[in-house]
Structures are given as C-alpha cells and as structure tokens.
Protein chains: 2
Amino acid sequence: MEHKKHTPTIKDVARMAGVSIATVSRTINGIDVVNEETVQRVRAAISELNYIPSSAARMLASRKTSTIGLLVPEISGAFFQSMLRGIERGTSLADYDLLIYTTQHILANSDRRSPLAENNTDGLLVFAGSLPQAELLRLSRSQFPVVLLHQTAVEGVQLPAVTVENRQGARSLVDHLIEVHGCRRIVYLEGPHEHEDSMWREQGYRASLDAHGIPFDPALIGHGGFNRHLAQAAIEKLLADNIAFDAVFAGDDDASIGVLVALREAGIAVPQDVAVVGFDDQDFTAALLPSLTTVRAPTEQVGYLAVRQLLRRIQGETVEMKLVLPTALAIRQSCGCG
Amino acid sequence: MEHKKHTPTIKDVARMAGVSIATVSRTINGIDVVNEETVQRVRAAISELNYIPSSAARMLASRKTSTIGLLVPEISGAFFQSMLRGIERGTSLADYDLLIYTTQHILANSDRRSPLAENNTDGLLVFAGSLPQAELLRLSRSQFPVVLLHQTAVEGVQLPAVTVENRQGARSLVDHLIEVHGCRRIVYLEGPHEHEDSMWREQGYRASLDAHGIPFDPALIGHGGFNRHLAQAAIEKLLADNIAFDAVFAGDDDASIGVLVALREAGIAVPQDVAVVGFDDQDFTAALLPSLTTVRAPTEQVGYLAVRQLLRRIQGETVEMKLVLPTALAIRQSCGCG
DNA sequence: ATACTGTATGTAAGCGTTTACATTCACCAT
DNA sequence: ATGGTGAATGTAAACGCTTACATACAGTAT
C-alpha cells in the first residue's frame with residue numbers, strides 16, 4: 001500500500017540515488033561538475049524509475065521553453081509542406097520543439113486563449129499574412145524574437161525576414177514567354193492580397209512587359225489566390241468575358257493546376273494555344289502533361305534558414321535583416337519548349 | 001527608476017486591480033463566480049499591462065498542458081498536408097496547441113532531450129511507423145492517451161486508431177481495372193514496410209486477382225514507397241527487366257506521379273498501353289493528363305477525427321477502438337475511362 | 001438578537017524544476 | 001596547527017500560476 005502511483009519527480013530520483021535534487025538536476029543538464037560515480041547512480045535511478053523531467057516546471061524555472069512557434073494563415077498548398085519540412089529540420093537539429101498555429105481563427109475572433117504564443121515559445125516564425133500589422137508592431141517593440149517568412153516590408157518595423165527572389169524569378173519567366181515564345185497577352189493571376197510574394201511577382205511581370213514595350217492591360221490580371229480552385233474560376237471568368245490571351249502566369253504552381261484544368265475543359269491546348277507557367281517548382285510539376293515550366297524556389301531552405309535566424313535572435317545575436325534566396329527558371333513544356 | 005521592466009505577472013494585475021491573485025485567476029479562467037464589476041477592473045488591468053499568463057506556470061499548477069503532440073516519421077507527401085490540416089482544425093477548435101515531432105531522429109539516436117513528449121503534452125497522435133513497437137507498448141501500459149493514425153494492429157496492444165478503408169478501396173480499384181478494362185497483368189507498387197496501409201491495399205489487390213482467377217505474380221510487385229522517385233525507379237526497373245504489364249496500381253498518388261513520368265519517358269502511352277491508378281485522391285490528381293483514376297480517402301477527416309478521439313481519451317472518456325473511414329472510387333482517365 | 005445561508009474574495013500551499021549561495025571535505029602550502 | 005584552495009554536493013529561494021480552504025459580509029429565517 002505504499003505505492004501512491006504518481007509519476008516520478010526529481011525528488012524520487014534524488015532519494016533513490018541518495019543525492020540532493022540539485023545534483024540530479026546538474027547531471028541531467030550536464031552543467032557544473034558532478035562526480036562520475038554519482039552520475040552513474042543518478043542515471044541508474046532515472047532509468048529505473050522511468051523518470052521524465054516535467055517540461056512545464058523546467059520552463060518555469062529556467063524561463064525558456066525550448067520551443068518555437070510557427071504562425072501560418074492556414075495549412076494548405078504543397079508549398080507549405082516543403083517549408084514545414086525545412087522548419088522541422090531546423091528545430092529538431094537544435095533540439096527545439098515546434099508549435100504550430102493557424103491564425104485564421106485568431107484573426108477572426110481576437111479572444112483566443114493564448115493571445116500570441118509569446119508565453120509559450122522562445123520565438124516566433126511568422127508567415128506572410130498571418131498577423132495584422134498592429135500585432136507585428138507590438139511584437140517588434142516588445143523585443144520578442146521574430147522572423148518573418150515571405151514577408152519583408154512591415155510598415156515602420158524592422159524585423160528579420162527570409163524570402164525568395166520573387167521579382168527576378170518572375171521577370172525571367174515572363175521574359176522567356178515573350179522572347180522565346182512570342183507571347184504578347186499574358187495573364188497574371190495574383191495571389192492573396194496580404195501575400196507579398198504576389199506583389200513582387202507582379203512587379204517582375206510588369207517590368208518584363210515594360211522592357212519589351214508591351215502595354216500593361218489590367219484586364220489580364222485575375223485573382224488566382226495561389227489556389228487551385230480560385231485560379232480555375234479566374235480563368236473561366238476570363239474565358240467567359242472573351243478576353244483574349246496567349247499565356248498565363250498562374251502566380252504559383254498550385255494555381256497553375258486550376259489553370260490547366262480550366263483550359264483543358266475549355267478545349268484549349270497547352271502550350272499550343274496558350275502557354276502556362278507557375279512558380280515554386282513543386283514536386284508534382286514535372287508530372288503534369290505538359291510538364292510545367294516554372295520557377296524553382298528553395299522553399300525548404302527558406303524554412304530551414306528562418307529557424308537558424310530565429311535561433312540566433314533568441315541567443316541574442318544580431319542577424320541579417322533580410323535573406324533573399326535565389327530562384328531559377330525551370331523550363332519544361334507548358335511554355336512551348338521541349 | 002521604479003520600473004524594473006519585467007514582464008507583468010498575475011501579481012501585477014492583482015495589485016493594479018486591487019484584488020488578490022486568486023480573483024485574477026478566477027476571472028481569467030471564468031471559474032467560480034466573480035462580481036461583474038470586479039471582472040471589469042481585472043480585465044482593464046490585464047489589457048493595460050498587456051498581461052499574458054505564463055503557460056509554463058499554468059501547466060505546472062494545473063497539471064495539464066492543453067497541448068497535443070503529433071508524431072510522424074517525416075514530413076513529406078501531399079498526403080501529410082491534408083491530414084495536418086484536419087488535425088490543426090481539431091486542435092484549434094478545442095483551444096489546444098499542436099506540437100509536431102519528426103521521429104526519424106528519435107529512431108536513430110535514442111538520446112533525445114524529451115524522450116517522448118509525454119511530459120509536454122496531454123496526449124499523442126502517432127502516425128504509422130513513427131514509433132517502434134516497444135515504445136508503443138510502453139505508452140499503452142503507461143495509460144498515456146494515444147491515438148494511432150493509419151495503424152491499427154500493434155502486437156499485444158489495444159490502442160484506439162483512426163484509418164481509412166484501404167482494403168476495400170484497393171479491391172474496387174483493381175476490380176475496375178480487370179472488369180472494365182480487361183487488365184490481367186497489374187503491377188502493384190508497395191509502400192514503406194512499416195506502413196500498414198500498404199499491406200491492406202495489397203490484400204485488396206490480391207483479393208481482386210483471386211476473385212477473377214488471375215494468378216498472383218510476385219514479379220509484378222515493385223517497391224514504390226509511396227514516393228514519387230522510388231516509384232519511378234521501380235517502374236524503370238520493371239521495364240529494364242522486360243516484365244510485361246498492362247496496368248499499374250501505384251500504391252498512392254505520390255507514387256503514381258513517378259509511374260507516369262517513367263512511362264512517359266519510356267514512350268509508353270497511358271492509358272492506351274498501360275493503365276495507371278493511385279490512391280488518396282490528392283489535389284493535383286485531376287490536373288494530371290490523363291487525369292488520375294484513384295481512390296478518394298478522407299484524409300483530412302482522419303486527422304480531425306483522430307483529434308476528437310484523443311481529446312475524449314484525455315477527458316477520460318472511453319472511445320471507439322477503431323474508426324475506419326470509407327473510401328470511394330474516383331474514376332478518371334488514367335485507367336482508360338472517359 | 002441569533003443562526004444560518006450564499007456570495008465574493010482572500011490566504012497560502014503546492015506544482016517540479018533551476019540556480020545562487022552555502023557547506024563540507026580533502027589536500028596542500030605555510 | 002593554520003589557512004587557503006577547489007571539487008562535490010547540499011539548501012532553499014525563486015519561477016507564476018491553480019485551487020482547497022478560510023474569511024467576511026449581507027440578507028433571511030428563526
């Protein structure tokens with residue numbers, strides 16, 4: 001009747017090993033010097049009792065959580081998966097935990113239990129559009145470690161960011177369409193509004209038009225939302241409106257799926273009648289028929305580097321304010337090549 | 001000089017509102033009755049001070065973390081993304097946090113900082129193949145709330161599980177191939193070995209062969225690993241070995257991409273020369289050309305329900321031991337239809 | 001007046017760690 | 001013998017909450 005069946009604590013270990021809890025703590029954390037023999041005894045007790053330190057107690061006492069938070073507007077798109085993989089690699093390499101938050105709810109009802117995970121993490125990775133400006137401002141002022149993903153410009157705030165070379169990538173892509181395939185009426189499907197990527201890509205698109213003396217036609221801008229279904233609807237609308245075009249820059253690869261489907265259903269041949277290009281170079285792009293011409297973006301690497309940056313900030317080091325990873329054209333068949 | 005600039009605690013709130021910390025705690029958590037007027041004062045103090053409760057302290061004091069952990073072998077495949085979305089929906093609806101662990105490292109060096117997140121979460125969602133039997137056994141015995149994903153049979157253990165109807169789905173798929181398209185030599189690309197799904201799908205495949213009097217030919221089994229690249233290699237190997245076949249059941253949609261690419265490169269027409277079918281019905285399948293015939297699996301729903309089950313277990317309720325969600329044929333063109 | 005009831009709040013004991021500081025002891029130089 | 005040193009360990013005070021229990025008070029029934 002003497003087993004009160006409770007999960008073992010550091011005290012139990014200490015008692016069993018015949019030492020004080022301080023010594024147990026020391027051997028667990030490997031700080032200070034502990035006699036080798038004592039270490040052995042403590043280790044033995046730990047595995048004997050199947051002891052697992054309470055991370056809550058540890059966090060409370062040490063004021064650090066060994067956890068980083070990831071804020072995303074929503075989990076969707078194969079894009080996200082690559083980034084997450086990079087992030088997970090970064091955190092687990094550093095022995096940090098990863099907490100994921102979707103902010104759609106937060107944005108809607110502001111009455112969340114944990115206002116912002118600040119109390120729950122040592123730092124935050126914030127994906128484009130997951131937080132309103134005001135919140136970002138507050139975070140920045142509070143000195144809480146934050147790294148922005150695919151978002152660089154926050155009005156009046158300087159927060160470190162990691163993103164990819166959108167403008168140049170889009171520019172080369174559209175250049176290719178114009179120069180190699182003679183396209184003149186190129187549709188651009190923009191992404192979500194909060195999403196800075198879309199703005200840069202559009203700038204690249206416009207710059208290319210400019211450089212080639214092609215006037216910008218607002219009628220050729222559709223809303224693809226970086227999303228398959230929206231993109232499909234956007235193309236259907238253009239078709240219904242009888243807007244003529246000879247190419248579609250879908251905004252990203254996800255959207256290009258919708259474009260492909262819409263065109264196919266309308267009996268329009270790709271790339272013979274209309275060229276289609278995407279952005280990101282996701283896994284499935286090579287398997288589409290025609291295989292998709294797109295821009296390769298090192299998405300996993302973005303995630304990984306963002307974690308590295310964040311970890312540095314948590315350590316109090318100063319980091320590069322802006323990391324822009326290079327992109328490269330991935331020419332396949334949907335533009336008319338091959 | 002009296003601002004020692006520390007993050008506000010419950011004490012600061014209490015002082016400012018002129019009440020005791022107990023009252024603050026009560027109003028925050030909405031338990032017990034608190035005078036409406038007092039509530040207002042406390043609320044005001046909270047927002048004035050920008051107070052955020054320390055979740056570590058809260059966890060420690062209440063012995064619950066409001067967090068659930070997700071264990072996956074690795075983050076890959078579009079499949080994962082759907083499931084994660086469902087899981088996230090479930091957790092955020094219940095105001096729980098979500099902690100993600102990739103177990104490849106754990107499986108390799110067993111000397112992780114947090115042996116298993118048991119101390120860190122109120123319950124665990126364990127995806128197929130992320131944990132060795134022994135560990136599962138230990139968890140099961142420790143009474144720690146666990147729900148298995150896409151894995152039902154753990155030797156000697158009864159743990160609640162959520163999965164999809166693999167066998168029947170595969171069976172219908174192969175039936176279709178045989179009955180409608182007259183296929184006789186159907187390749188099956190198996191998934192990762194730890195992955196129970198693959199086993200069931202193979203059983204469905206075999207059952208269909210049996211039912212149609214077609215002998216099982218081991219030469220037609222390849223290793224696709226539910227992965228695009230492995231699948232591509234597997235098909236290339238079959239081709240190189242001169243094994244004749246008139247259809248490929250790729251195991252899952254990811255693998256079918258590899259199959260499509262391998263066949264295309266070999267100049268084999270789909271579906272004219274060889275029919276190709278997948279499993280899962282991921283987002284991109286409809287955009288492939290030919291569009292992919294596959295089996296629709298409610299992956300997001302699996303994630304969502306798994307969370308519900310887990311939360312029930314955490315609440316101490318008993319739950320259904322096995323939830324098997326129905327699958328349905330998604331007939332498109334890659335089998336020869338349409 | 002007295003005792004009871006219910007409402008609103010306060011008091012203080014944990015929760016399981018980390019860590020600054022104190023202690024002990026052996027050893028060596030004086 | 002005396003003091004100083006360093007290594008190994010112990011003591012106890014946080015850390016910021018939750019919650020069982022105690023208290024205070026107003027209203028109501030006796």
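Predicted model, so just to flag it, every value in this text is computed and none were measured.
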With sequence neighbours left out, the residues meeting ring pair (Phe, Tyr, Trp, His ring centres under 6.0 Å) with A:Phe127 are A:Phe79, A:His150, A:His195
Partners of B:Phe80 by ring pair (Phe, Tyr, Trp, His ring centres under 6.0 Å), sequence neighbours excluded?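 Residues passing ring pair (Phe, Tyr, Trp, His ring centres under 6.0 Å) with B:Phe80: none at all.
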For the helix from C:dA1-D:dT30 to C:dT30-D:dA1, what is the angle between the axes at its two ends, each from 5 pairs, rounded to 10°?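 Result, rounded to 10 degrees: 60°.
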Heavy-atom contact window of chain A on DNA chain D, given 5' to 3' at under 4.0 Å: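 Going 5' to 3' along DNA chain D, contacts run D:dA8 to D:dG16.
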Quick one: list whatever passes salt bridge (charged side-chain N to carboxylate O under 4.0 Å, His left out) with B:Asp122, sequence neighbours left out.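 Testing B:Asp122 for salt bridge (charged side-chain N to carboxylate O under 4.0 Å, His left out), a comparison that skips the adjacent residues, returns none.
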Could I get the full list of salt bridge (charged side-chain N to carboxylate O under 4.0 Å, His left out) partners for A:Arg308, not counting sequence neighbours?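 With neighbours one apart ignored, the set is empty.
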Pairing residues for [X] by the side-chain contact (heavy atoms from CB on, under 4.5 Å) criterion, not counting sequence neighbours:
X        : answer
A:Gln158 : A:Met321
B:Ile21  : B:Ile10, B:Lys11, B:Ala14
B:Val324 : B:Thr163, B:Glu165, B:Lys322

Treating primed atoms plus P, OP1 and OP2 as sugar-phosphate and everything else as base, which nucleotides of nucleotides 15-27 of chain C get B, S or - for protein heavy atoms under 4.0 Å? BBBBB--------
Selection residues 140-154 of chain A - residue pairs positive for salt bridge (Lys or Arg N to Asp or Glu O under 4.0 Å), sequence neighbours left out: none
Here the side chain to side chain donor-acceptor pair (under 3.5 Å) pairs for residues 37-46 of chain B, sequence neighbours left out, are B:Glu36-B:Gln40
With a 4.0 Å cut-off on heavy atoms, is B:Thr38 in touch with a base, just the backbone sugar-phosphate, or nothing at all?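 Touches sugar-phosphate only.
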Decide yes or no on side chain to side chain contact (heavy atoms under 4.5 Å, CB included) for A:Val302 and A:Leu323, but give the supporting numbers first. CA-CA 9 Å; A:Val302 168; A:Leu323 243 44; over 6 Å; no
